[in-house]
Amino acid sequence: MSRNKTQEGRGANQRQLRVGEVIRRHLSEVLSRGEIHDPDLNRIPITVGDVRLSGDLKVATVYVVPLGGKNQDEMFELLKRNKGELRRSIARGLSLKFTPELRFRLDDTFDQLDENRRLFSQEAVRRDLES
């Protein structure tokens with residue numbers, strides 16, 4: 001079973017994983033329903049792939065990617081501009097003692113999957129796996 005890694009390199013504890021998943025679902029719903037009062041942000045379909053929390057749960061790193069991989073720079077600028085409203089939405093929608101600061105990073109999971117597929121499709125790699 002894979003585990004998220006915190007910035008310190010240790011595995012995330014159950015509380016971090018649980019709170020991260022709740023925040024991920026909440027942000028996904030808010031962004032997909034267009035609940036943010038910024039029409040520019042609402043017109044970009046954004047996938048929230050993962051949320052990783054610091055040990056004290058005060059910083060949430062949100063891994064996002066625009067659908068189709070286009071408009072990444074614009075997406076990050078709009079998320080940064082609306083960070084306060086997104087944080088308030090989390091505070092209203094979830095019962096946490098502290099609402100974490102949001103930091104947005106590009107989710108490169110899909111790129112890594114494509115690279116793995118490419119590697120596994122090579123004849124030499126398939127031959128090594130079969131032996």
Side-chain angles (χ1 to χ4, degrees):
M1 177 183 214
S2 66
R3 295 175 57 113
N4 291 342
K5 296 291 181 182
T6 61
Q7 293 171 345
E8 297 83 32
R10 296 187 318 255
N13 66 36
Q14 287 293 25
R15 182 165 171 79
Q16 288 170 292
L17 294 173
R18 193 170 51 248
V19 172
E21 180 59 20
V22 170
I23 291 172
R24 186 196 68 76
R25 272 191 257 139
H26 182 79
L27 286 175
S28 291
E29 290 173 10
V30 166
L31 292 170
S32 69
R33 285 187 273 181
E35 294 179 4
I36 301 302
H37 296 98
D38 186 339
D40 293 331
L41 181 61
N42 291 332
R43 71 176 168 73
I44 299 176
I46 298 173
T47 300
V48 181
D50 194 14
V51 175
R52 298 179 188 172
L53 284 134
S54 61
D56 60 2
L57 305 180
K58 291 191 178 184
V59 177
T61 304
V62 182
Y63 291 88
V64 294
V65 64
L67 194 62
K70 299 175 185 174
N71 304 323
Q72 290 179 10
D73 294 335
E74 181 184 12
M75 175 194 69
F76 282 116
E77 184 60 39
L78 291 168
L79 287 170
K80 183 179 178 183
R81 186 168 76 193
N82 292 285
K83 190 185 296 192
E85 188 174 353
L86 289 165
R87 191 173 181 199
R88 282 188 297 279
S89 172
I90 292 169
R92 282 191 309 268
L94 307 175
S95 58
L96 299 172
K97 187 172 185 177
F98 298 102
T99 304
E101 171 193 340
L102 301 176
R103 296 181 183 168
F104 296 98
R105 302 283 183 269
L106 183 64
D107 185 0
D108 62 355
T109 305
F110 297 109
D111 294 336
Q112 291 173 357
L113 288 173
D114 288 341
E115 177 63 15
N116 288 343
R117 280 191 201 106
R118 186 189 68 75
L119 288 171
F120 284 124
S121 69
Q122 294 177 356
E123 184 62 34
V125 173
R126 274 190 281 170
R127 191 174 47 243
D128 287 344
L129 291 173
E130 290 172 1
S131 42

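In what follows, residues are counted from 1 in the order of the sequence shown.
How far CG of L27 is from CZ of F104: 6.5 Å, rounded to the nearest 0.5 Å. To the nearest 0.5 Å, the span separating CD1 on I36 from CD1 on I46 amounts to 9.5 Å. Summarising the geometry, atom CG belonging to L78 is positioned 5.0 Å from atom CD1 belonging to I44; distances are rounded to the nearest 0.5 Å.
In this structure the side chain of V22 reaches within 4.5 angstrom of the side chain of L94, judged on heavy atoms.
Each of R87, R88, R81 was scored for a side chain to side chain contact (heavy atoms under 4.5 Å, CB included) with E85, with one residue passing: R88.
Nearest heavy atoms, A60 versus L53: CB-CD2, 3.9 Å. Nearest heavy atom pair, residue V65 against residue M75, reads C-SD, 3.9 Å.
Judged as a side chain to side chain donor-acceptor pair (under 3.5 Å), and not counting sequence neighbours, N71 has no contacts. In terms of the side chain to side chain donor-acceptor pair (under 3.5 Å) criterion, residue partners of D56 (sequence neighbours excluded) are, by chain and number, S54.
K83 places a side-chain N or O within 3.5 Å of a backbone atom of L102 that can act as its donor or acceptor partner. Using a distance-only test at 3.5 Å, with no hydrogens or angles considered, no donor-acceptor pair links the side chain of Q72 to the main chain of L106.
Residue pairs satisfying the side-chain hydrogen bond (donor to acceptor under 3.5 Å, both in side chains) criterion with at least one member in residues 17-31, sequence neighbours excluded, are listed as follows: E21-R24, E21-R25, H26-S89, E29-R33.
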- Task: List the steps, then state whether side-chain contact (heavy atoms from CB on, under 4.5 Å) holds for V48 with V64.
- Result: CA-CA 5 Å; V48 181; V64 294; 4.1 Å; yes

- Query: Going through the checks in order, is the side-chain contact (heavy atoms from CB on, under 4.5 Å) test met by L57 and L96?
  - Reply: CA-CA 10 Å; L57 305 180; L96 299 172; over 6 Å; no

- In sequence, state the C-alpha distance, the side-chain angles, and the governing distance for L86 and L31, and then conclude on side-chain contact (heavy atoms from CB on, under 4.5 Å). CA-CA 9 Å; L86 289 165; L31 292 170; 4.1 Å; yes

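If you chain together hydrophobic residues whose side chains sit under 4.5 Å apart, I23 and Y63 never meet in one group.
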